[in-house]
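Read through the structure below, which is laid out as structure tokens, and then see the notes.
In what follows, chains are A, B, ... by sequence order, proteins preceding strands, each numbered from 1.
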2 protein chains.
Amino acid sequence: MPKSLRSPRHQRFLAELISLRKAKGLTQAQVAEKLGRPQSFVAKYEGGERRLDLIEFLDVTTALDADPCKILSSLRS
Amino acid sequence: MPKSLRSPRHQRFLAELISLRKAKGLTQAQVAEKLGRPQSFVAKYEGGERRLDLIEFLDVTTALDADPCKILSSLRS
DNA sequence: GCATCATATCCCAAACTGGGATAATCCGAA
DNA sequence: TTCGGATTATCCCAGTTTGGGATATGATGC
């Protein structure tokens, strides 16, 4: 796993994304489909194997039908 | 400039960060100082030479004393 | 056990990053 | 104008990260 993805905040962020996905009853493959990406893409960012930049993050929140601001506020530190 | 950083949304995002920095009367070096990074770090992300992941983005908004949610909303597409 | 769905990992060439040094630009004062 | 300091952009390139199809591993029900 890349060095930069081990911080507690990042961990919380990932946990939040996973939790949101499951709350919507979506699989990684379904999210990947909405994003037009392979399932391994979702597996990687959820697993902290790959970073999401801001635009990708917005795309993911759209796919999850989630509010990006709420997620950000859960990351305030 | 890396391929993935050329989208119009990303461009708007960068323009927003630059605009915010200048509105605060800060130089790249001052922002870099707050971030504990070299000036070239700021020059690179502002120039689209490097991506910011979500955590880095939050750190930058903190350094700029800006509201991350407002920035996100300016990126709605 | 076995089928099926879901998630994690492999592989490795291609793409991206770090950051000190240095070049290029900007800008106000004289 | 021209000069000089302040500010921003670019260089370099080894080390790190990413893409995504294929495949392994794990979870669940029967």
Side-chain angles (χ1 to χ4, degrees), chain A residues 1-66 68 71 75, chain B residues 1-66 68 71 74-75 77:
Chain A
M1 176 159 69
K3 221 182 289 184
S4 53
L5 297 178
R6 306 189 187 216
S7 78
R9 288 167 85 198
H10 223 124
Q11 295 297 331
R12 252 188 300 154
F13 169 55
L14 298 181
E16 183 69 14
L17 288 184
I18 295 171
S19 163
L20 277 169
R21 175 173 62 77
K22 292 188 174 171
K24 299 281 177 181
L26 295 170
T27 66
Q28 290 184 346
Q30 288 172 316
V31 174
E33 159 82 355
K34 295 190 186 202
L35 294 170
R37 297 274 206 155
Q39 172 265 334
S40 62
F41 174 80
V42 177
K44 282 185 178 182
Y45 76 66
E46 286 193 354
E49 192 67 23
R50 182 200 187 287
R51 302 187 291 162
L52 287 178
D53 66 28
L54 203 72
I55 303 301
E56 291 170 335
F57 165 65
L58 289 176
D59 290 343
V60 168
T61 60
T62 297
L64 295 178
D65 191 28
I71 300 177
L75 295 178
Chain B
M1 175 161 72
K3 221 183 287 183
S4 52
L5 297 178
R6 306 187 188 215
S7 78
R9 288 168 85 197
H10 226 124
Q11 295 297 331
R12 253 188 299 156
F13 170 55
L14 298 181
E16 184 69 14
L17 288 184
I18 295 171
S19 163
L20 277 170
R21 175 174 62 75
K22 293 189 174 172
K24 299 281 176 181
L26 295 170
T27 67
Q28 290 183 347
Q30 289 172 316
V31 174
E33 159 82 353
K34 295 191 184 200
L35 294 171
R37 297 273 206 155
Q39 172 264 334
S40 61
F41 174 79
V42 177
K44 281 184 177 182
Y45 75 65
E46 286 193 353
E49 194 66 21
R50 183 202 185 285
R51 300 190 290 162
L52 288 178
D53 67 27
L54 204 72
I55 303 301
E56 291 169 335
F57 165 65
L58 289 176
D59 291 342
V60 169
T61 60
T62 297
L64 295 179
D65 191 29
I71 300 176
S74 77
L75 295 178
S77 69

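A heavy-atom distance below 4.5 Å is not found between the side chains of B/Leu20 and B/Thr61. Proximity of A/Val31 to A/Lys24: side-chain heavy atoms (C-beta onward) are nowhere separated by under 4.5 Å.
The nearest whole Å value for the distance from the CG atom in A/Leu35 to the C1' atom in D/dG19 is 14 Å. Regarding B/Arg50, its CZ atom lies at a distance of 11 Å from the P atom of D/dT18, rounded to whole Å. In this structure, B/Arg37 atom CZ and C/dG20 atom C1' are separated by 14 Å, rounded to whole Å. Atom CD of A/Glu33 is separated from atom P of C/dT7 by 15 Å (rounded to the nearest Å). Counting to the nearest Å, the P atom of C/dA15 and the CZ atom of A/Arg51 are 17 Å from each other. Regarding A/Leu52, its CG atom lies at a distance of 14 Å from the C1' atom of D/dG19, rounded to whole Å.
Formation of a donor-acceptor pair under 3.5 Å by the B/Arg9 side chain with backbone atoms of A/Ile55 is not found in this model. Checked by atom type and distance alone, the side chain of A/Glu46 never pairs as donor or acceptor with a backbone atom of A/Ala43 at under 3.5 Å.
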Summary of protein contacts for nucleotides 4-14 of chain D, nucleotide by nucleotide, where a base hit scores B, a sugar-phosphate-only hit scores S (4.0 Å, heavy atoms)
---SBBBBB--

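Within a 6.0 Å sphere centred on CD of A/Glu33, heavy atoms belonging to other residues, nucleotides or ligands number 12 at most.
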Where do A/Phe57 and B/Phe57 land on the ring-ring contact (aromatic ring centres under 6.0 Å, His included) test, with the steps shown first?
CA-CA 11 Å; A/Phe57 165 65; B/Phe57 165 65; 8.5 Å; no

Kindly determine whether A/Arg50 and A/Glu56 satisfy side chain to side chain contact (heavy atoms under 4.5 Å, CB included), including the steps that lead there.
CA-CA 11 Å; A/Arg50 182 200 187 287; A/Glu56 291 170 335; 2.8 Å; yes

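Between the two ends of the helix from C/dG1-D/dC30 to C/dA30-D/dT1, each summarised by a five-pair axis, the helix axis turns through 40° (rounded to 10 degrees).
Listed by first then second residue, pairs satisfying ring pair (Phe, Tyr, Trp, His ring centres under 6.0 Å) with a partner in residues 16-43 of chain B read B/Phe41-B/Tyr45, not counting sequence neighbours.
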